[in-house]
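A short write-up of the structure that comes next.
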Amino acid sequence: MKIIRTVKELKEAVNALKAEGKSVGLVPTMGALHDGHISLVERARSGNDAVVVSVFVNPTQFNNPDDLRTYPRTEEADCRRLDEAGVDIAFIPTVEEMYPEPDTRQFDLGAVAAVMEGAMRPGHFNGVAQVVSRLFAMVNPDRAYFGEKDFQQIAVIRRMVELEKFPIEIVSCPIKRESDGLALSSRNVRLSAHQREVAPNIHRVLKESVGRKLAGASLEEVKHWVIDSINAYPEMEVEYYEIVNAADMQPVAEWGDCSEPVGCITVYLGDVRLIDNIKY
C-alpha cells in the first residue's frame, strides 16, 4: 500500500492506475477506522481494480470546535488496517494540503440538507460537500462508497454530484453493527464502560418500533414512543427523531405518504453524539 500525503502525488498515482485501464473505487473517511469502514473497503475491492482510501478529519464540516478537537485520530492503526484490507493508496493529507486557501464555496444542496443534521449542525453539509467534491476532483474515481449510518449524508452527496456533474457512481453500504446492535462509529471509543452498556438500547428501541408499526400504530405514535423510550434512560437524550422519505429526506406525516420511510435519530449519551437509523 502506498501512503500519499500530497495532491500532486495522489493524482500521479491514480493516473498511473488509469493508464493501465484499472477502475478506481474511493472510500472517503475521517480515520479512527473500524469494521464499518473496512466493510466499505471490501465492497470497493469487489467492484474495482484499485481502491483509494482518504483519511482526513475535515475541519469545514465541524460546527462544534470541541467535537473537532476530540475527534479520535489513530493514523498508525488506520494504516495497518488499510494495508491488511488490501488498499492500494491511503491518502493522508494535512489541512494545509487539502485547503491551501480557504474554501468559500456555498453549495445549493436544497431540501435534503435543510432538515435533521442540516438543521442541527449549520454549515455541516456544506463542509461535507466541500471536502468530498475536492476528493472527487483529485481522484476522479469510478465509484465512491459511503455507509448508511450517515443516511442523510448520502442524499446530500448525491445532490452535490448532480450539481457538480461528477461522472461517479455513489454506492451506499449497509450499517455495520456490534453483536449487541450498536452501530459502529469512531465516536464509540469515547463512551465510558457504563455508557457502552446503555448505547445498544438505541437500536433495540428502533427495532421494536418497526413491530409497533406492523401492529397498527400510527406514524406519530411510533415517533413519540421512540423518543419517550430512549429518553427514559437518564443517560440519554434524543436530539431529534424524524421519520422521513428516503428519496428526499423530508419528514412524512402518515405511513402511506411514501414507499420508503426511514427513521433517523440522533442521541446524546453524555457528551457523545450518536446517530442511527432504521428502515420501516
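Every value quoted in this text rests on a predicted model; they were computed, and no experiment measured them.
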May I ask you to check whether Glu12 and Asn15 show a side-chain donor-acceptor distance below 3.5 Å?
-> no
Are Asp142 and Ser23 close enough that a side-chain donor and a side-chain acceptor fall under 3.5 Å?
-> no
Does CD in Glu237 sit with more than 12 non-hydrogen atoms of other residues, nucleotides or ligands closer than 6.0 Å?
-> no
Side chains of Ser133 and Phe166 in contact at under 4.5 Å (non-hydrogen atoms) = yes
Salt-bridge contact Lys279-Glu148 (side-chain N to carboxylate O under 4.0 Å) = yes
Minimum side-chain heavy-atom gap His37-Tyr145 below 4.5 Å = no
If only atom types and distance count, is the side chain of His124 paired as donor or acceptor with the main-chain N or O of Gln61 below 3.5 Å?
-> yes
Is the shortest distance from a Lys or Arg side-chain nitrogen in Lys223 or Glu242 to a carboxylate oxygen in the other one below 4.0 Å?
-> yes
Main-chain N/O of Arg45 paired with Asn48 side-chain donor or acceptor, under 3.5 Å = no
Can you list the steps and then say if Asp67 with Arg187 is a salt bridge (charged side-chain N to carboxylate O under 4.0 Å, His left out)?
-> CA-CA 10 Å; Asp67 196 19; Arg187 290 182 169 87; 2.8 Å; yes
Taking the side chain as every heavy atom from C-beta outward, state whether Phe91 and Met138 have any atom pair closer than 4.5 Å.
-> yes
Is there a side-chain contact between Leu274 and Asn188 (heavy atoms, below 4.5 Å)?
-> yes
Please determine, by modelled atom types, if Glu260 and Tyr280 share a side-chain donor-acceptor pair under 3.5 angstrom.
-> no
Report the relative orientation of the aromatic rings in Tyr99 and Phe56; use parallel for angles under 30°, tilted for 30 to 60°, perpendicular for over 60°.
-> tilted
Evaluate the side-chain contact (heavy atoms from CB on, under 4.5 Å) criterion for residues Phe146 and Ile157: first the C-alpha distance (whole Å), next the side-chain angles of each, then the deciding distance (0.1 Å), finally the verdict.
-> CA-CA 9 Å; Phe146 298 88; Ile157 288 167; 3.3 Å; yes
Let me see the working for Val252 and Leu219 under side-chain contact (heavy atoms from CB on, under 4.5 Å), right down to the final yes or no.
-> CA-CA 8 Å; Val252 292; Leu219 187 145; 3.6 Å; yes
Under 3.5 Å, side chain of Asn277 to main-chain N/O of Lys149, donor-acceptor pair present?
-> yes
Under a 4.5 Å cut-off applied to non-hydrogen side-chain atoms, are Val262 and Phe151 in contact?
-> yes
Gln250 CD: over 12 foreign heavy atoms closer than 6.0 Å | yes
Residues Asp66, Arg69: salt bridge by 4.0 Å N-O rule = yes
Verify whether one side chain among Tyr241 and Asn231 offers a donor that lies under 3.5 Å from an acceptor in the other.
-> no
More than 12 heavy atoms of other residues, nucleotides or ligands under 6.0 Å from NZ of Lys18: is that the case?
-> yes
Is it true that Arg190 and Asp271 have a side-chain N and a carboxylate O under 4.0 angstrom from each other?
-> yes
Side-chain donor/acceptor of Asn245 to backbone N/O of Cys258, under 3.5 Å | no
Is there a donor-acceptor pair under 3.5 Å between the side chain of Asn63 and the backbone N or O of Gly123?
-> no
Is Arg204 salt-bridged to Asp180, cutoff N-O under 4.0 Å?
-> no
Decide, yes or no, whether a salt bridge links Asp276 with Arg177 under the criterion of side-chain N to carboxylate O below 4.0 Å.
-> yes
Side-chain heavy-atom pair Ile92, Glu75 within 4.5 angstrom cut-off | yes
Indicate yes or no for a side-chain donor-acceptor contact from Asn126 to the backbone of Arg105 under 3.5 Å, with no hydrogens or angles considered.
-> yes
Return yes if some donor-acceptor pair links the side-chain N/O of Ser186 with the main-chain N/O of Ala32 below 3.5 Å, else return no.
-> yes
Can you tell me how far CG of Asn58 sits from OG1 of Thr29, rounded to the nearest 0.5 angstrom?
-> 11.5 Å
Please examine the side chains of Asp108 and Arg159, heavy atoms only from C-beta on, and report whether any two atoms are closer than 4.5 Å.
-> yes
Kindly say whether Ala77 contributes a backbone atom to a donor-acceptor pair with the side chain of Thr74 at under 3.5 angstrom?
-> no
Does any N or O in the side chain of Trp255 come within less than 3.5 Å of the main-chain N or O of Ala217, such that one atom is a donor and the other an acceptor?
-> yes
Before accepting this row, confirm whether a basic side-chain N of the pair Arg5/Glu97 lies closer than 4.0 Å to the acidic partner's carboxylate O.
-> no
Spell out, as yes or no, whether a donor-acceptor pair under 3.5 Å connects the side chain of Gln152 to the backbone of Val112.
-> yes
Test side-chain contact (heavy atoms from CB on, under 4.5 Å) applied to Asp88 and Lys2, step by step = CA-CA 6 Å; Asp88 297 274; Lys2 287 183 183 173; over 6 Å; no
Run the salt-bridge test on Asp35 and Arg81 with the 4.0 Å N-O cut-off and return the result as yes or no.
-> yes
CD-CG distance between Glu208 and Asn201, expressed to the nearest 0.5 angstrom | 9.0 Å
Evaluation steps, salt bridge (charged side-chain N to carboxylate O under 4.0 Å, His left out), between Asp78 and Arg73 = CA-CA 9 Å; Asp78 291 347; Arg73 291 162 171 84; over 6 Å; no
Are side-chain heavy atoms of Arg143 and Leu26 found at a separation under 4.5 Å?
-> no
Kindly determine whether Val244 and Met116 satisfy side-chain contact (heavy atoms from CB on, under 4.5 Å), including the steps that lead there.
-> CA-CA 10 Å; Val244 301; Met116 298 188 296; 3.9 Å; yes
